[in-house]
Amino acid sequence: MRERVVEVVHDVPEGAVTTYGDIAAVVGTGARQVGRIMSEGDAAWPWWRVTNAAGRLPEHLQVEALAAYREEGTPIRGDHADLRRARWRPGFDE
DNA sequence: AAGGTGACTGGCC
DNA sequence: AGGCCAGCCACCT
């Protein structure tokens, strides 16, 4: 289960983001599970490309995530990723 | 086995 | 936009 989530996270292209819910739908589990797995992940994978339905991440990661977005050109609106423009749906192109 | 918990969500107000 | 709420599902007491 955890491996499937990690796999999808690695498929998210630069400059785009996807949501817990989207990943959950693809791997067949609940969004909270994806979140739980993310919380156990390490810095080696692009965790910042996975946000909640509002395009946000927990407080302690927001700053780092925003920095990453600016670096790879992810559309940002205020203090969160602009999902309307940056959202990428797993399975759509694979 | 039973109940609590959380990087969540969609519906309603 | 922001808050509340009932579902949600795997993991931890």
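All chains are named by letter (A, B, ...) in the order of the sequence lines, taking the proteins before the strands, and each is independently numbered beginning at 1.
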Taking atom [atom2] of [N] as reference, at what distance in whole Å does atom [atom1] of [X] sit?
X     : N      : atom1 : atom2 : result
A:D82 : C:dA1  : CG    : P     : 11 Å
A:M38 : C:dC11 : CE    : C1'   : 18 Å
A:E40 : C:dC9  : CD    : C1'   : 14 Å
A:N52 : C:dA1  : CG    : P     : 13 Å
A:R32 : C:dC5  : CZ    : C1'   : 12 Å
A:Q33 : B:dT5  : CD    : P     : 16 Å
A:M1  : C:dC9  : CE    : C1'   : 10 Å
A:I37 : B:dT5  : CD1   : P     : 21 Å

Report task. May I ask you to check whether over 12 heavy atoms, not counting those of A:E72, lie within 6.0 Å of atom CD? Result ->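 Atom CD in A:E72 is packed in, count exceeds 12.
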
Query raised in the report: Got a sec: does the CD of A:E3 have more than 12 other heavy atoms crowding it under 6.0 Å?
Result: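 Open: at most 12 neighbouring heavy atoms sit under 6.0 Å from CD of A:E3.
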
Considering only side-chain heavy atoms of [X], which listed nucleotide, [options], is closest?
X     : options               : value
A:A31 : C:dA10, B:dA7, B:dT9  : B:dT9
A:P58 : B:dG10, B:dA7, B:dC8  : B:dA7
A:L61 : B:dG10, C:dA10, B:dA7 : B:dA7

Query raised in the report: With a 4.0 Å cut-off on heavy atoms, is A:S39 in touch with a base, just the backbone sugar-phosphate, or nothing at all?
Result: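 Base: the residue A:S39, judged by heavy atoms under 4.0 Å, touches a nucleobase.
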
Requested in this report: May I ask you to say what A:G30 touches in the nucleic acid, namely base, sugar-phosphate or nothing, with a heavy-atom cut-off under 4.0 Å?
Outcome: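 A:G30: backbone/sugar contact only, no base atoms under 4.0 Å.
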
Query raised in the report: Donor-acceptor pair, A:H80 side chain versus A:I76 backbone, under 3.5 Å?
Result: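 No, A:H80 side chain to A:I76 backbone: no donor-acceptor pair under 3.5 Å.
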
Query raised in the report: Any donor and acceptor pair, going by atom type alone, linking the side chain of A:N52 with main-chain N or O of A:G55 inside 3.5 Å?
Result: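 Checked: pair present.
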
Report task. Provide the Watson-Crick or G-U wobble partner of C:dC8, both distances under 3.5 Å; none if there is no partner. Result ->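 Pair assignment: C:dC8 / none.
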
Report summary line: Taken to the nearest 0.5 Å, the spacing of A:M38 CE from A:Y20 OH works out to 6.0 Å

